[in-house]
Amino acid sequence: MINTLPRDPIEFVAEESMTAIPRQKPVFRFAPSPNGPLHLGHALSALLNQDMAVSAGGRLLLRIEDIDLTRCTPEFEAGIYADLEWLSMDWERPVRRQSEHFEAYQAALDSLIARGLAYPSFMTRGEIKTWVAAAEANGILWPRDPDGSPLYPPNDRERSHFDRQHLLASGMKHAWRLDMGKALEAVGEALSWEETGDGDRGRIAANPGAWGDVVLSRSDAPSSYHLSVVLDDALQGITHVVRGLDLFHSTSVHRLLQALLDLSAPTYHHHRLVTDKDGRKLSKSQGDTGLAELRNGGLSLADIRCLVGL
Ligand code: GLU
C-alpha cells in the first residue's frame, strides 16, 4: 500500500470555536529533467511555482526527474541548481531524485501486472511505424494520441500468456504498457480533475482512452514519466501541480493511474508556454538559449521575470 500522507509537520489552525484542527499546507513542486540546459520556459514554470507557493503560504519542493539514464547527466543537474539559485528560488532539501527510487516504481508496476492491467510490448519504434503505414495503406485511419503519435498496435496486447512468457524468457527487449481497455474497466467511473491554469478551467473531464496503451516502464529505463510522476506527486504530498500546457492532456493518464493505484489527486494549473518570435514552444532539443547563457550575458532576475511575463 502506498502511503499518500505527506511526512512533513502539519500546521494547526485555531478555528473560531478554538478547537485546533489540522490543516495541511499546500505543497508545490518544480520537476525538471536534467537532460539539457534550462531555458525561459523552465524559468516561467519555476518562478510561477515559487510565486504560487509563497502566496498560498505553502511549501516548494524540487524534484529531479532523471529516469532516462542515457540522456540525464550530473552536469545538467548541477546546471539546474545553479540556474534556480540565480533565480532566487528556495526549495526544501533533500531533493528527490527519481533515479534513486526505481524500486518504488517497479513495485507499482508489479501491482498492475499482477492485476492483469499491464503487458510486455516488443515492437520497436520502426516496427510500429511500418505496422501503422501498412494499416493505413489498407484504408484504416489509425488513431493518434493527443501528442500526434499513433496508438500502440494491438498485437502484443492480444498475445497468449504462453507466447509472452516465451518472448520474455528469450530476453527480447521490451517495455511494459498499460492495457487501456482493462484499466478503464477496472476504474469503472468517469474521471476528472480540478484545473486553474491558462487554458480550460474548472472541472475537466479526463479522457485517458485517447492515449491508448501508454508506456509504464520503458525498454531503456526502469519506469516511465507517467508512472513515476503520479507516484512521486502522491508520495511527496503534492497538492498543486503547476506545469506547462504541453502536459495538459497527459493529466488524463495521470488521473487514471491515480485511480488505479489509489493515489491522491492534486489540483492542476497548466500555464501558458514561452514561445519564440515564430510562436514555437522553446525546447532543449532545438537548442534554445539556456538560462546560463542569459545569465552570462548579464541579464538580471528582473529581466528574466519581464521576459517570461511575470
Ligand atoms: N519532468 C518534466 C519536464 O521536465 C515535467 C513533469 C511535470 O511537471 O509533471 O518536462
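As the structure is a computational prediction, the values presented were derived from the model and not from experiment.
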remark   = Looking only at heavy atoms, the pair that brings G244 and L273 closest together is CA-CD2, 3.8 Å
inquiry  = Looking at A118, is its backbone amide N or carbonyl O close enough to the side chain of D179 to form a donor-acceptor pair, meaning the two atoms are under 3.5 Å apart?
reply    = no
Gap between atom CG of L178 and atom CG of L256 - 0.5 Å precision = 6.0 Å
H270/T196 under side-chain hydrogen bond (donor to acceptor under 3.5 Å, both in side chains): CA gap, chis, key distance, verdict = CA-CA 7 Å; H270 291 94; T196 62; over 6 Å; no
query = Do F248 and H269 make the cut of ring centroids closer than 6.0 angstrom?
reply = no
message = Whether R177 and D156 form a salt bridge (side-chain N of Lys/Arg under 4.0 Å from carboxylate O of Asp/Glu) is what I want to check.
response = no
request  = Supply the members, apart from V215, of the Ile/Leu/Val/Met/Phe/Trp/Tyr cluster built from side-chain contacts under 4.5 Å; use none for a lone residue.
outcome  = none
Anything under 3.5 Å between a donor and an acceptor, one on a side chain of residues 167-174, the other on a protein residue two or more places apart or in another chain? List them.
from, atom 1, to, atom 2, distance (Å)
S170, OG, L167, O, 2.6
H174, ND1, M172, O, 3.0
H174, NE2, W176, NE1, 3.4

inquiry  = Less than 3.5 Å apart, any donor N or O on the side chain of T275 or R280 sitting next to an acceptor on the other?
reply    = no
inquiry  = Please list all pairs meeting salt bridge (charged side-chain N to carboxylate O under 4.0 Å, His left out) that have one or both residues in residues 289-306, counting only residues at least two apart or in different chains.
reply    = D51-R305, D83-R295
request  = Determine which pairs satisfy salt bridge (charged side-chain N to carboxylate O under 4.0 Å, His left out) with at least one residue from residues 232-247, sequence neighbours left out, and list them in order.
outcome  = R29-D233, R63-D232, R63-D233, R96-D232, D246-K281
query = Just by distance, do the side chain of S149 and the backbone of D145 share a donor-acceptor pair under 3.5 Å?
reply = no
key: Donor-acceptor contact present, side-chain S224 to main-chain L216, <3.5 Å   = yes
query = Run the side-chain hydrogen bond (donor to acceptor under 3.5 Å, both in side chains) check on T289 and H39 step by step: do they pass?
reply = CA-CA 6 Å; T289 314; H39 52 61; over 6 Å; no
task = Fit a plane to each ring of Y105 and F102, take the angle between them on a 0 to 90° scale, and name the class: parallel (under 30°), tilted (30 to 60°) or perpendicular (over 60°).
result = perpendicular
key: Residues which pass salt bridge (charged side-chain N to carboxylate O under 4.0 Å, His left out) with E77, listed by chain and number, not counting sequence neighbours   = R97
task = Taking only Lys NZ, Arg NE, NH1 and NH2, and the carboxylate oxygens of Asp or Glu, determine whether E189 and R255 approach each other closer than 4.0 Å.
result = no
ask   = For W142, does its backbone N or O pair with a side-chain atom of R144 as donor and acceptor, under 3.5 Å?
value = yes
key: Criterion side-chain hydrogen bond (donor to acceptor under 3.5 Å, both in side chains) on S252 and N207, from CA distance to verdict   = CA-CA 5 Å; S252 286; N207 181 17; over 6 Å; no
request  = For W211, check side-chain hydrogen bond (donor to acceptor under 3.5 Å, both in side chains) against everything at least two apart and list the hits.
outcome  = none
query = Any donor and acceptor pair, going by atom type alone, linking the side chain of Q50 with main-chain N or O of D90 inside 3.5 Å?
reply = yes
